[in-house]
Student: 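The structure is given below, and queries will be raised subsequently.
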Amino acid sequence: MRPYVIGGACDRVRRWVDAAMIEGELSLPAALAAHVVRCPHCSAEVREVETLLQRLRSLPASLDLSPVPAAVDRVLQATAASLTASHGAAFAGEPATAAASPKRRREPQWRWVLRQVAAVAAVILIAAGGLTLVSFGIHGAVKGSEPGRIVERWISPLRDWTQALFENVR
């Protein structure tokens, strides 16, 4: 990406190119023409504009490139109608009517944050309640019995199975 200096030679070339698009002819002063030869970005832009202007000049003179006036009027009327409908009738200088569509307002940020905090708090409460219920269930299951014996009852089949599995391995 090239550095762009406002007020530099590239900026002056760009202004001449913009004027050429309006006038239909590009004639740069000698100092700017020398810059265009050295600057690859400006030379590409000038070549592109010169090619476009040459193509436009090569079109037949009988070809009318101006827009049809009726088409321009229809576009302007449709644009004015859409602006009036989207911004209300007050935009066109008329009193506001009930037919104008109401503009949707954005929700304040504090409400969004409050909703997020409430959702997180609800998740935490549900998780805490679930853990409490599970802990009460475990406590009820082992109440009146020794946890060591229950664990031994679960592990002894596993110990026997692993001993049988790896009996001949050494």
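It should be emphasised that the depicted structure is a prediction, and the values quoted were computed from it without experimental measurement.
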Student: Is the shortest side-chain N to carboxylate O distance from Asp11 to Arg15 below 4.0 Å?
Tutor: yes

Student: Heavy-atom distance under 4.5 Å between the side chains of Val49 and Leu53, does that happen here?
Tutor: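 Val49 vs Leu53: side chains touch.
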
Student: Could you check whether any side-chain heavy atom of Cys10 comes within less than 4.5 Å of a side-chain heavy atom of His41, counting everything from C-beta outward?
Tutor: no

Student: Please round to the nearest 0.5 Å and tell me the distance separating atom OG1 of Thr51 and atom CG of Leu56.
Tutor: 11.0 Å

Student: Give a yes or no on whether Arg57 atom CZ has more than 12 heavy-atom contacts from other residues, nucleotides or ligands under 6.0 Å away.
Tutor: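 Yes, CZ of Arg57 has more than 12 neighbouring heavy atoms, counting only those of other groups under 6.0 Å.
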
Student: State whether the number of non-hydrogen atoms from other residues, nucleotides or ligands found under 6.0 Å of Glu48 atom CD is greater than 12.
Tutor: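 Counting other residues, nucleotides and ligands, CD of Glu48 stays at 12 neighbours or fewer.
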
Student: SG of Cys42 to CZ of Arg14: how many Å apart, nearest 0.5 Å?
Tutor: 7.0 Å

Student: Could you tell me the separation between the CZ atom of Arg47 and the CD atom of Gln54, rounded to the nearest 0.5 Å?
Tutor: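 Result: 13.5 Å between the selected atoms.
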
Student: Nearest 0.5 Å, please: how far is OG1 in Thr132 from CG in Leu125?
Tutor: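 Nearest 0.5 Å value for the CG-OG1 distance: 10.5 Å.
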
Student: Does one hydrophobic cluster hold both Val46 and Leu52, with members joined at side-chain heavy-atom distances below 4.5 Å?
Tutor: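 Hydrophobic grouping puts Val46 with Leu52.
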
Student: For Ser27 and Trp16, which heavy atoms make the closest approach, and how far apart are they?
Tutor: O-CZ3, 3.1 Å

Student: Kindly indicate whether the side chain of Met21, heavy atoms from C-beta on, has any atom under 4.5 Å from the side chain of Leu26.
Tutor: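 Not in contact.
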
Student: Nearest 0.5 Å, please: how far is CZ in Arg115 from CH2 in Trp110?
Tutor: 9.5 Å

Student: Has Gln116 got more than 12 heavy atoms of other residues, nucleotides or ligands less than 6.0 Å from its CD?
Tutor: yes

Student: Consider only side-chain heavy atoms of I, L, V, M, F, W and Y, link residues closer than 4.5 Å, and tell whether Trp112 and Val120 are in one cluster.
Tutor: no

Student: Is there side-chain contact between Glu45 and Val13, with at least one heavy-atom pair below 4.5 Å?
Tutor: no

